[in-house]
Amino acid sequence: MADKALILVDLQNDFCPGGALAVAGGDQTIAVANRVARHFDLVVATQDWHPADHGSFAANHDGAEPYQVIDLHGLQQVLWPVHCVQDSPGAAFHDRLTAPIAKVFAKGTDPTVDSYSGFWDNGKRKATGLAPWLREQGVRTVYVLGLATDYCVKFTAIDACGEGFATLLVADGCRAVDLTAGDGERAIDDMRASGVVVVESSQIA
Ligand code: VGL
Ligand code: ZN
């Protein structure tokens with residue numbers, strides 16, 4: 001049994017410099033993850049894991065450009081460059097990530113709906129199984145870090161609160177896409193408003 005768990009969000013090559021959807025400084029989260037993980041008996045990871053025909057890819061919509069917003073089966077969807085395609089090198093975890101991961105939760109596998117949260121798809125129709133799995137391990141508190149602050153980290157942390165876990169965000173272990181300047185800071189405000197406690201990795205004992 002483990003009272004607390006660390007959730008590593010999407011520490012994948014495509015979100016790091018040189019990747020298909022590179023986040024500035026994304027690779028700087030890896031050392032933080034490795035360091036913080038030493039304080040946990042239980043570490044889990046989410047993995048963005050899209051089929052090539054995924055509806056969040058601009059390339060799969062005639063005439064569309066990345067970062068345009070469309071309606072995808074009833075939900076607002078930012079269109080992204082092709083990224084994290086199942087079994088591609090871009091979908092692999094960063095090779096400096098050494099934290100011992102007990103279980104990986106794949107998300108974004110349904111081509112019809114995106115999944116920013118590690119718990120639910122964006123329509124909250126289908127769960128990944130992360131919440132019941134954590135409960136089975138005895139977890140009541142989760143710490144969250146990873147990529148990207150304004151998308152998958154934000155929705156994973158907010159859903160963790162919604163699932164009843166005490167939730168802490170390790171802020172220096174996250175980086176934002178920042179499509180619009182300030183998105184990362186606004187995401188942190190949104191998380192706080194949902195009950196997430198924001199900490200720095202140096203505060204974790
Ligand atoms: C993410 C955009 C698209 C993320 C995943 O991990 O934050 N962002 N897919
Ligand atoms: Zn994605």
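Note that ligands are numbered from 1 as they come in the structure, with each ligand's atoms numbered from 1 the same way. Along the sequence shown, residues carry numbers from 1.
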The Zn ion (ligand 2) reached by H83 (N, O or S, under 2.8 Å):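 Checking the Zn ion (ligand 2) against H83, an N, O or S atom does fall under 2.8 Å.
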N, O or S of H50 under 2.8 Å from the Zn ion (ligand 2):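 Checking H50: at least one N, O or S atom is under 2.8 Å.
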Atom name, D48 (N, O or S, nearest to the Zn ion (ligand 2)): OD2
Atom 6 (O) of ligand 1 [closest protein heavy-atom partner, distance rounded to 0.1 Å]: D10 OD2, 2.7 Å
Nearest-neighbour protein heavy atom for atom 8 (N) of ligand 1, which is reported as residue plus atom name and distance: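 Of the protein heavy atoms, Y151 CB, 3.8 Å lies nearest.
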Y151 with W49, same ILVMFWY side-chain cluster at under 4.5 Å: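 Cluster IDs for Y151 and W49 differ.
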Sub-3.5 Å N/O-N/O distance, L21 and ligand 1: no
Contact (N/O only, under 3.5 Å) between K107 and ligand 1: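 No, there is no polar N/O contact under 3.5 Å.
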Whether H83 lies under 4.0 Å from ligand 1, heavy atom: yes
H83 backbone acceptor or donor facing D14 side chain under 3.5 Å: no
Output field: ring centroids W133/F119 closer than 6.0 Å: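 Ring centres of F119 and W133 not closer than 6.0 Å.
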Distance in Å, I158 CD1 paired with K154 NZ, rounded so as to fall on 0.5 Å steps: 5.5 Å
Ring geometry between H50 and H54 (parallel below 30°, tilted from 30 to 60°, perpendicular above 60°):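 Geometry flag for H50 against H54: tilted rings.
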Pair [X] + [Y], salt bridge at N-O below 4.0 Å:
| X | Y | answer |
| --- | --- | --- |
| D159 | K124 | yes |
| D183 | R186 | yes |
| D48 | K107 | yes |

Which of the ligand 1 atoms, numbered from 1, are nearer than 4.0 Å to a heavy atom of C152: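 Numbered from 1, ligand 1 contributes 1 (C), 4 (C), 5 (C), 6 (O), 7 (O).
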Ligand-residue contact atoms, ligand 1 with D48, heavy atoms, under 4.0 Å: 5 (C), 9 (N)
Part of V78 with heavy atoms under 4.0 Å of ligand 1, whether side chain, backbone, both or neither: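 For V78, no heavy atom sits under 4.0 Å from ligand 1.
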